[in-house]
Amino acid sequence: MSETAVKTTAEPTAEEVRDTKIYLGWSMTDAEYERAVGMLGRLPNYTEAGLFAVMWSEHCCYKSSTPILKSFPTTGPRVLQGPGEGAGIVDIGNGKAVVFKAESHNHPSAVEPFEGAATGVGGILRDIFSMGARPVAVLDSLRFGELTAAHAKDVDRNKFLVDQVVAGISSYGNCIGVPTVGGETEFDSCYEGNPLVNVMCVGLIDVKDIQKGRAAGAGNSIMYVGATTGRDGIHGATFASEEFGEGNETQRSAVQVGDPFMEKQLVEACLDVIHNHNDILVGIQDMGAAGLVSSSAEMASKAGTGLYLKLDDVPQRETNMTPYEMMLSESQERMLLCVRAGHEDEIKKIFTAYGLDAVTIGRVTDDGQYTLEHKGAVVADIPVRALTDDAPEYHLPDSEPARLKGLRAVDASAASLKITNPSETFLDLLASPTVASKEHIWHTYDSQVLTNTVIRPGSDAAVIRVRDTDTALAMTTDCNGRYIYLDPEIGGKIAVAEAASNIVASGATPLAITDCLNYGSPENPEVMYDLKRSAAGISAACRTFETPVISGNVSLYNETSHEAVYPTPMIGMVGLLEHTDHITTQAFKNPGDAIYLLTGPQGIRPDFAGSEVQKLTTGSIGGVLADVDLDAIAATQRALLTAIRAGFVASAHDVSEGGVAVALAESAFGFDSASGDGRENPQAEVLGVDVTLDLDDPLLFAETVGSFVVSVPAGKVEQFEASVAATSPEAAATLLGHVSDDGMLNILTNGDGIRVATMSAKKVWKESLACLLN
Amino acid sequence: MTSSKNYKVTVYVTYKESVLDPQGQAVKGAISRMGYEGIDSVRIGKYFEIMAHPSDGTTLEETIDAICDKLLANPNMETYRYEIAEAQA
Amino acid sequence: MTSSKNYKVTVYVTYKESVLDPQGQAVKGAISRMGYEGIDSVRIGKYFEIMAHPSDGTTLEETIDAICDKLLANPNMETYRYEIAEAQA
Amino acid sequence: MSPRFAVIVFPGSNCDKDLLWGIKNIAGMNAEFVRHDATDLSGFDAVLIPGGFSYGDYLRCGAIARFSPVMNEVRRFADEGKPVFGTCNGFQILCEAGLLPGALLRNTSLRFVCETAQIEVANNATRFTSKYDPDQLLRLPVAHAEGRYTVTAEELEQLKANNQIAFRYAKGHNPNGSVDDIAGVTNKAGNVLGMMPHPERAVETLLGSDDGLPFFASLIDSLAA
Ligand SMILES: Nc1ncnc2c1ncn2[C@@H]1O[C@H](COP(=O)(O)OP(=O)(O)O)[C@@H](O)[C@H]1O
Ligand SMILES: [Mg+2]
């Protein structure tokens with residue numbers, strides 16, 4: 001190890017780094033700096049300090065969230081790969097496995113929404129194909145500020161963000177040719193200034209092809225493939241510093257621009273190498289957050305090796321890049337390969353056929369050191385472990401948020417809603433952007449490319465068939481941040497329960513989840529409380545639904561001027577359909593089919609705290625969030641799934657925002673099958689409902705989790721009821737009435753009920769978002 | 001029509017130098033595959049032809065500056081310049 | 001480096017008058033919604049900055065003409081023009 | 001021997017596998033991928049150009065792919081009167097290459113559109129459409145941002161006069177602003193067809209529609225004749 005750290009021109013010396021505490025600007029604390037000094041046994045030079053700072057950042061090492069992530073259940077009989085690699089993997093039989101993960105791109109999207117969202121898609125795709133899987137579907141989970149001037153500080157900015165984020169996702173996903181099949185879009189003022197852009201990718205793999213990101217075998221080569229390295233994406237704080245003083249400030253930009261065409265070539269080339277040349281490939285990993293340093297150090301750490309990289313050989317897009325800049329750059333569309341020594345030219349040849357350069361930039365060593373050479377000098381020499389395994393881990397204090405007391409005191413009874421005209425409330429709910437159809441958004445996503453999509457966006461879960469088998473995969477993203485804001489633990493349970501309900505309603509068995517934990521600053525004990533408690537809720541639900549957490553992502557510091565977003569742990573769930581015959585949508589099929597409400601033993605409860613109807617009628621949310629009985633929900637889901645598999649169910653839709661009334665309407669709106677368009681079902685124009693509920697009017701809008709609106713062919717009513725009773729005594733199937741052919745939503749209650757023409761309700765629901773966004 | 005003169009404004013919007021320009025790269029690649037030599041780099045930008053006249057109380061420059069800043073160019077990644085010429089009738 | 005001079009070529013490609021330019025119309029609409037007055041029409045085109053040097057046996061004009069005709073503009077719907085200037089070292 | 005189909009793969013093609021799946025696994029034909037840099041199409045009886053974003057669709061859709069080496073062969077193949085079919089990006093490439101008249105511009109909505117479109121068979125007397133009824137109504141997926149078919153008024157008259165319009169969007173269902181609701185056209189000789197809709201996405205009822213099957217059946221039939 002070099003005794004004196006080597007200094008590059010114009011960079012501060014190791015002593016100056018210490019004295020000026022320049023590392024504070026990289027979000028490295030004094031204590032962390034001292035820790036690094038202790039590990040090195042000398043002062044780190046500028047480059048080294050930078051490597052420590054970025055590798056020990058929350059983004060790379062999850063130092064404040066690791067203790068929480070460790071509490072998640074992560075194993076199960078089908079789990080082939082849990083958290084820790086690029087993505088998690090679950091066995092789906094027939095020698096195949098599903099690979100999935102979600103990632104957030106909130107901060108880049110807040111600054112530059114189009115490119116931020118586009119590169120978010122690019123990044124998550126690389127996580128999937130670096131495991132050896134072919135990406136087969138993308139889902140996007142989005143949160144924005146409100147779209148009406150009355151509820152927004154800058155409504156034009158909010159609309160602009162929606163427009164650009166959606167355009168970014170569609171441009172990248174459509175170009176690369178992976179269908180975007182689902183997602184969710186919600187609006188709340190807490191997301192103004194800090195939108196959430198979470199993207200999930202699902203891939204398929206033959207179990208034998210699973211890759212790991214390892215740099216093993218001293219002497220093997222490290223090869224760099226893909227786009228050239230520029231100064232884009234280097235941590236904002238650093239970027240603003242004087243390093244670029246010589247250049248013209250206005251000519252510089254740190255924005256990462258996505259190049260989906262390059263990525264398409266990368267996917268094909270990498271999968272070619274993995275499938276056909278696995279004998280010469282040792283490991284492969286994408287360059288994600290903290291680009292080159294993070295990917296290479298992790299590959300070495302996982303293999304217990306060292307690395308020697310020659311930075312002069314890194315393909316560069318800009319002149320005079322420093323080692324620090326090259327290592328931290330987050331230029332997109334780059335991959336790192338570990339290749340068996342002597343086979344570099346074969347690898348080069350494969351990539352050349354796809355129009356890509358593969359360049360050897362270093363080799364694996366056995367000294368456990370992370371060594372960088374630039375212009376003939378060693379510019380960094382750090383134990384690999386110090387950067388990775390030995391990163392700090394914090395158990396930050398938490399305390400109950402002050403808001404909870406006030407929120408619990410809010411009256412969330414049916415009376416507080418002051419509903420006088422249920423039909424009017426119903427139409428207002430259908431028009432509210434969170435409930436309204438998201439067709440305006442997903443219409444711009446190619447949801448069918450790859451010709452596997454059975455259920456496009458527009459039903460509870462999207463469904464993709466698995467070629468060469470009878471099986472199919474269902475997938476969804478879910479999270480109601482309002483519930484978590486009111487009660488983090490119960491809200492966490494609900495997020496997973498709702499995801500499972502969506503999966504089950506499509507006819508699938510939930511397999512596992514991924515997550516994106518979007519919160520404010522972990523240094524705020526109240527945020528830590530939210531994080532811990534919601535994670536506890538998620539864990540509990542995952543145990544009940546037998547859906548381990550196989551991958552995920554943490555995004556902290558989602559706040560503007562100390563106003564944090566609602567704690568929003570997005571849950572991405574995948575389920576398995578044993579047979580494509582079981583695929584079920586939320587759309588009613590035929591007049592005369594019986595309509596059931598399937599619930600837990602308590603039926604529909606006055607669950608108004610945090611509901612859409614509460615927000616609509618009172619302008620805010622509050623109240624005590626009723627706890628959920630996870631076992632009862634699981635039992636209800638089992639009853640539904642059993643009936644679906646037996647062929648007794650024509651449609652199933654879970655009750656969520658807007659309650660039973662909205663669920664009934666959405667089922668009548670006739671979205672169906674692959675078209676995702678009402679024109680698909682020739683009867684969509686005439687479908688209606690004739691139902692009677694033994695409830696007071698407001699209960700029509702209660703959001704009792706784990707309830708379903710189910711339609712059953714007239715001839716199968718008895719079998720359906722018997723099946724539910726036999727499967728789950730806890731579940732209650734209440735016959736409400738039937739699907740009608742007079743085009744009316746006729747919902748009778750103990751009060752006024754609702755009577756509205758299906759088509760006029762549908763128009764409100766279908767056009768609302770487009771109107772608000774124009 | 002107002003009595004004021006009419007102008008043709010041409011606005012050029014280009015990426016900042018450090019921003020990746022995949023389009024430009026693709027075009028450059030195509031040119032060399034087509035066998036043309038001597039092309040060292042290609043960058044692609046946008047180009048707007050705007051017919052305009054000054055409106056009450058503001059100069060045309062002020063209006064164009066504002067439109068460029070807010071709409072035509074994305075200040076995170078792009079720069080712009082423009083030319084104003086009197087339009088032929 | 002060759003001994004020959006380097007040039008900066010700027011190419012402008014625009015739709016023919018007869019071709020509908022919905023993007024230009026959308027920009028015009030946005031400008032007036034933003035409250036700016038005096039904008040009569042907007043047309044959007046592409047703009048290329050090409051750094052180039054003449055290669056053996058052909059003039060730069062010949063090369064640029066060919067590239068524009070075949071690649072940069074679609075003669076069915078677009079027209080182009082270009083300027084060549086000596087590049088500053 | 002059953003006819004052999006070439007599915008051309010350009011860098012950035014992304015419906016190539018879908019097209020191969022349709023013609024090979026569903027229609028049961030002999031088919032294989034042919035790379036963009038291939039220089040020989042001998043032995044093939046039909047050429048299929050898939051959708052996608054060749055070369056990222058940077059510059060203009062299809063503008064760069066048109067210069068791929070294989071396109072010289074495709075041109076020769078077409079000149080010999082053999083069938084060439086392009087869907088979506090394939091249509092755009094054929095127009096850019098001059099094998100079909102017109103151009104495909106940005107949708108008037110300025111938005112990408114992915115939906116199941118209502119398509120009318122405008123001419124069932126082509127080798128690609130013979131198995132459809134005249135005026136048959138089809139449900140075929142479309143997915144594009146640049147599908148606004150544009151020709152001059154004179155060219156449009158010629159298209160009509162020569163019966164070159166093969167498919168139209170049903171009245172009121174034009175997703176992109178195409179002139180005269182045109183969704184697909186042939187060349188004058190009738191052996192080259194381009195269309196924005198994706199028949200290869202409509203070959204299995206599981207995925208929502210099999211209205212694309214007769215399209216491939218027509219083409220296969222024409223090769224047997
Ligand atoms: N941003 C989006 N991208 C793709 N699909 C979306 C998006 N937002 C909503 N959707 C789709 O719209 C439908 C309704 O979404 P949502 O209301 O979140 O359903 P649920 O309440 O059942 O979870 C789903 O099919 C979903 O996939
Ligand atoms: Mg649902």
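Chain letters run A, B, ... following the sequence lines, proteins first and then strands; every chain starts at 1.
Residues satisfying the ring-ring contact (aromatic ring centres under 6.0 Å, His included) criterion with A:Phe129, sequence neighbours excluded, are absent altogether.
Contact annotation: the side chain of A:Asp446 never approaches that of D:His144 to less than 4.5 Å [non-hydrogen atoms, C-beta and beyond]. Using a 4.5 Å cut-off on side-chain heavy atoms (C-beta onward), A:Arg465 and D:Leu207 make contact.
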Let me see the working for A:Thr444 and D:Val113 under side-chain contact (heavy atoms from CB on, under 4.5 Å), right down to the final yes or no. CA-CA 5 Å; A:Thr444 66; D:Val113 45; over 6 Å; no
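Heavy-atom pairs under 4.5 Å with chain D were tallied for A:Lys264, A:Arg467, A:Gln265; the largest tally goes to A:Arg467. Options A:Asp259, A:Asn174, A:Asn452 differ in how many heavy-atom pairs under 4.5 Å they form with chain D, and the most are formed by A:Asn174.
In this structure, D:Arg111 contributes its side chain and A:His443 its backbone to no donor-acceptor pair below 3.5 Å.
Only the backbone of D:Glu200 comes within less than 4.5 Å of a heavy atom in chain A; its side chain stays farther off. Proximity to chain D is absent for every atom of A:Ala167, based on heavy atoms less than 4.5 angstrom apart. The contact between A:Glu268 and chain D is made entirely by side chain atoms (from C-beta outward), counting heavy-atom distances below 4.5 Å.
Nearest heavy atom pair, residue A:Phe261 against residue D:Gly56, reads CD1-N, 3.3 Å. Nearest heavy-atom pair, A:Ser447 versus D:Cys114, reported as atom, atom and distance to 0.1 Å: N-SG, 3.5 Å.
Within residues 11-25 of chain D, the residues approaching chain A closer than 4.5 Å by heavy atoms are, in numerical order, D:Pro11, D:Gly12, D:Ser13, D:Asn14, D:Cys15, D:Lys17, D:Asp18, D:Trp21. The stretch residues 67-76 of chain D places none of its residues near chain A, where near means some heavy atom under 4.5 Å from a heavy atom of that chain. For residues 42-55 of chain D, heavy-atom neighbours of chain A at less than 4.5 Å comprise D:Phe53, D:Tyr55, sorted by residue number.
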